[in-house]
4 protein chains.
Amino acid sequence: MTDQRRPSAGVARRSETSRRAVLTAAFELAAEVGYAKLSIEGIAARAGVGKQTIYRWWPSKGAVLFDAFLMFTTGEPGEGGGGESVEEAALPDTGDVEADLKTVMFATVDELNDPRYDRTMRALSIEIAHDADLAALYAERLNRPMRELKKRRLRAAQEAGQLAADLDLDVAVDLLWSPLLVRWLHREGPLTHEYAAALVETALGGMRP
Amino acid sequence: MTDQRRPSAGVARRSETSRRAVLTAAFELAAEVGYAKLSIEGIAARAGVGKQTIYRWWPSKGAVLFDAFLMFTTGEPGEGGGGESVEEAALPDTGDVEADLKTVMFATVDELNDPRYDRTMRALSIEIAHDADLAALYAERLNRPMRELKKRRLRAAQEAGQLAADLDLDVAVDLLWSPLLVRWLHREGPLTHEYAAALVETALGGMRP
Amino acid sequence: MTDQRRPSAGVARRSETSRRAVLTAAFELAAEVGYAKLSIEGIAARAGVGKQTIYRWWPSKGAVLFDAFLMFTTGEPGEGGGGESVEEAALPDTGDVEADLKTVMFATVDELNDPRYDRTMRALSIEIAHDADLAALYAERLNRPMRELKKRRLRAAQEAGQLAADLDLDVAVDLLWSPLLVRWLHREGPLTHEYAAALVETALGGMRP
Amino acid sequence: MTDQRRPSAGVARRSETSRRAVLTAAFELAAEVGYAKLSIEGIAARAGVGKQTIYRWWPSKGAVLFDAFLMFTTGEPGEGGGGESVEEAALPDTGDVEADLKTVMFATVDELNDPRYDRTMRALSIEIAHDADLAALYAERLNRPMRELKKRRLRAAQEAGQLAADLDLDVAVDLLWSPLLVRWLHREGPLTHEYAAALVETALGGMRP
DNA sequence: CTGTAATCGAGACGGTACGTCGAGTCTTGGG
DNA sequence: CCCAAGACTCGACGTACCGTCTCGATTACAG
């Protein structure tokens with residue numbers, strides 16, 4: 001998103017050291033103090049970097065946070081390449097969709113219940129909610145790969161005849177995960193395995209008798 | 001939430017004029033400029049009110065916004081009493097759950113697609129996302145009544161045998177509405193009637209064959 | 001220059017405490033670190049005052065410095081009233097113009113040779129040199145009274161027949177003091193009593209045989 | 001001052017093109033924007049030169065300005081040699097000191113009243129006022145030759161018996177030119193031919209009756 | 001004619017200060 | 001006691017330059 005480093009004739013290249021220091025500082029600060037007190041000044045100070053270095057390479061605080069998240073979540077790259085690790089990962093497949101979905105959603109629940117992850121993810125979520133550009137970036141770089149993974153598992157189930165042949169997998173993914181996200185983000189209730197299980201069961205079986 | 005007006009023997013009581021001016025200003029500013037540029041200073045100025053008057057009666061910017069939303073959404077009261085209008089309202093009931101749910105969700109979709117409502121609601125959502133107190137308040141005063149309405153309609157369908165007898169209505173409500181909210185808040189895709197319809201159909205029928 | 005405090009209906013008046021803290025800090029910092037490292041940020045910090053308070057009441061760093069100089073030089077007032085002390089002061093008058101002028105100019109020389117006064121005065125001089133508004137202010141509020149004093153003494157000598165009847169006293173004052181100032185400001189040579197004495201003698205007697 | 005080019009066995013020598021581009025840019029910028037907005041970055045940009053090239057050859061912004069002034073004032077050289085043109089120049093000598101002095105001082109007055117020269121000279125004056133090294137350089141390289149010229153003319157008058165035999169010519173030069181400089185630098189009043197004439201007349205005749 | 005070392009343009013870097021905005025607190029005078 | 005007005009301290013914003021530091025790419029002697 002961020003730099004598309006011009007390999008131009010001119011010169012003077014971006015400092016990889018600074019880039020990593022900034023992203024590390026951003027990630028740690030987000031986890032420690034949360035969105036409200038996350039300032040560019042603070043990130044620069046903690047990273048031992050001039051503010052201008054941040055403004056030079058990222059368009060907004062949210063963009064820094066996003067890249068930080070990207071770096072610590074997917075392998076590394078930050079912008080150009082990769083996320084290979086994500087692409088190669090896969091959701092568990094024991095042959096039992098229901099059980100597998102529960103396994104995965106329980107993990108999500110546990111993650112969101114971890115205070116450090118909660119603060120980081122919440123900060124990112126808030127930034128995404130009021131920055132359309134960042135939202136697009138998030139959808140493409142972080143959400144899409146995750147969604148692909150989920151859809152892949154569901155597609156396997158579909159092919160095994162465990163899910164309806166005409167099921168729209170995107171809708172299915174939303175049906176399963178969105179309630180979790182909303183309950184977490186708006187703190188509408190306790191985020192438990194029970195709730196996640198109920199979600200899976202109801203979504204699979206449908207609301208009708 | 002907000003004021004628990006001390007009915008003290010002493011003297012001067014809260015100015016209703018100022019209260020309404022503040023909430024009106026907050027609501028309008030939120031709709032016009034969005035979360036990012038919504039400042040207490042701006043609200044006070046537009047309301048023709050001293051900043052202290054805001055700080056005296058509300059604990060945070062989010063609280064003002066919440067009250068503003070409350071005032072313009074439910075009838076009026078703001079804090080003490082009512083929301084009667086909501087309590088008395090009801091979702092349409094033609095006897096066809098699926099059709100009725102679509103009607104209601106189409107309305108939600110249309111609302112969220114209106115730029116003014118989008119900005120206001122987004123500002124409120126963001127405040128809720130990083131203020132647990134406000135989240136509790138929101139859950140109780142704005143979300144709960146709406147959820148009751150929805151559950152009431154679902155319960156009717158349940159009693160009519162159109163929904164499973166053991167269906168957890170809270171889970172059902174989440175299953176239907178959360179995906180809408182997430183897609184809107186994180187701009188994960190276009191918010192259309194088609195999407196809402198697919199949601200209703202899949203949730204009702206379930207994902208299995 | 002500075003505030004013309006509006007006694008308006010509204011309210012909220014300027015804090016005298018802050019004003020004095022700022023001027024004191026500015027004066028001391030100028031004396032300690034000199035023009036080059038005199039920053040508004042530094043003044044605010046040393047004064048224990050928000051930067052905005054400086055920007056609210058003074059249009060420039062030079063204006064602060066000027067007011068500081070005014071406060072520590074003339075009695076007090078800073079802007080509205082006074083400088084009475086200056087108005088009432090007088091140059092020595094022993095009846096011997098030459099001796100009296102030397103006395104006064106020796107004092108000036110000594111002052112300019114004091115490092116603290118040098119730094120302060122130099123900072124002020126530089127600000128004046130590149131800010132026409134400040135220059136006007138300086139001419140009116142600091143320079144004019146001093147010049148009046150000098151002219152008064154010269155006028156007495158004129159009336160006593162020691163100076164030419166048609167002598168332009170402004171020109172005379174410039175003739176005496178400007179060389180001192182230039183030599184000091186541009187460090188064109190050592191600033192000594194000898195030099196000052198030569199100035200007085202030559203100016204009085206003229207360059208002709 | 002500036003480079004003491006090491007004639008090292010090694011290699012590559014200073015680019016004359018860059019040197020002139022820098023000095024030209026500095027001179028023009030000073031004339032256009034004045035001291036306050038004269039930045040090394042700006043000079044480098046306008047000269048099409050890397051910042052390092054400036055820092056490599058000059059110790060300070062003032063030094064660049066000084067060299068620029070030198071180049072555009074005296075013939076050329078910049079540092080090593082010359083100013084021959086100045087050495088060879090001479091003040092007019094009609095045999096009438098008073099008239100000749102007025103001629104020269106009127107020219108000075110006119111120069112200082114030219115906005116472009118005013119800004120340049122003012123910038124230089126300010127730099128000199130807070131940089132002792134630069135002041136020494138200025139005294140030696142720009143002021144001394146000018147002063148020599150003036151003293152030479154005065155010495156001629158002295159030998160012709162028009163000036164006192166024991167007159168200190170340095171004091172005389174200061175007496176005549178300093179008031180002009182102060183009035184200009186501190187904008188103490190209009191810089192006119194009348195004022196210059198009065199200066200000459202009073203200095204020559206003395207203040208006494 | 002070629003290697004080699006300094007200089008060149010460009011511009012990123014860690015910093016300091018700028019001048020502005022808004023937060024939340026405090027003070028004043030009027031109702 | 002509330003209210004408007006607005007000054008206060010404080011902290012962060014995003015920008016401009018500082019002076020230092022790489023980067024290739026010239027460039028001009030020395031071999």
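Because the structure is a prediction, the values reported are computed rather than measured.
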> In terms of side-chain heavy atoms of A:Trp57, which of F:dC21, E:dT20, E:dA12 is nearest?
Replying inline: E:dA12
>> Counting only side-chain nitrogens and oxygens, does B:Arg56 get under 4.0 Å of the OP1 or OP2 atom of F:dC3?
In response: yes
> Which is true for C:Gly42 with a 4.0 Å heavy-atom rule: it touches a base, it touches only sugar-phosphate, or it touches nothing?
Replying inline: nothing
>> Quick check on E:dT7: is either OP1 or OP2 less than 4.0 Å from any side-chain nitrogen or oxygen of D:Ser18?
In response: no
> Whole-Å distance between F:dC2 C1' and B:Trp58 CH2?
Replying inline: 13 Å
> Rounded to whole angstrom units, what separation is found between the CD atom of A:Glu41 and the C1' atom of E:dG22?
Replying inline: 15 Å
> Can you tell me if A:Lys61 uses its side chain to pair, donor with acceptor, with the backbone of A:Leu38 under 3.5 Å?
Replying inline: yes
> Does B:Glu32 pair with B:Arg119 as a salt bridge, N-O distance under 4.0 Å?
Replying inline: no
>> So which atom in A:Ser60 and which in A:Asp131 form the shortest heavy-atom distance, rounded to 0.1 Å?
In response: OG-OD2, 3.9 Å
> Which nucleotide, F:dG19, F:dT9, E:dA17, lies nearest any side-chain atom of D:Ile40?
Replying inline: F:dG19
> Taking the side chain of C:Gln52 as heavy atoms from C-beta outward, which of E:dT20, E:dC8, F:dA12 is closest to it?
Replying inline: E:dT20
>> Rounding to an integer number of Å, can you tell me how far D:Ile43 CD1 sits from F:dA16 C1'?
In response: 15 Å
>> Please report the distance, rounded to the nearest Å, between CZ in B:Arg19 and P in F:dA4.
In response: 14 Å
>> How many whole angstroms separate atom NZ of D:Lys37 from atom P of F:dT15?
In response: 17 Å
>> Suppose we call a contact any N or O donor and acceptor under 3.5 Å apart; does that hold for the side chain of B:Lys51 and the base of E:dG24?
In response: yes
> What is the distance from CZ of D:Arg13 to C1' of F:dA28, rounded to the nearest Å?
Replying inline: 8 Å
> A:Leu65 versus A:Phe69: any side-chain heavy-atom pair under 4.5 Å?
Replying inline: no
> Once you round it to whole Å, what is the distance between P of F:dT9 and CZ of C:Arg46?
Replying inline: 17 Å
> So, is A:Arg14 near the phosphate of E:dC13, with a side-chain N or O under 4.0 Å from OP1 or OP2?
Replying inline: no
> Rounded to the Å, how far apart are C:Ile54 CD1 and F:dT9 P?
Replying inline: 9 Å
>> Given the ring of B:Trp58, does B:Arg14 sit roughly above its face, with NZ or CZ under 6.0 Å from the centre of the six-membered ring and within 45° of the axis?
In response: yes
>> Counting only side-chain heavy atoms from C-beta out, which of E:dC18, E:dA23, F:dA4 sits nearest to B:Val49?
In response: F:dA4
> Looking across every strand, which nucleic acid part, if any, lies under 4.0 Å from C:Thr53 by heavy atom: base, sugar-phosphate, or nothing?
Replying inline: base
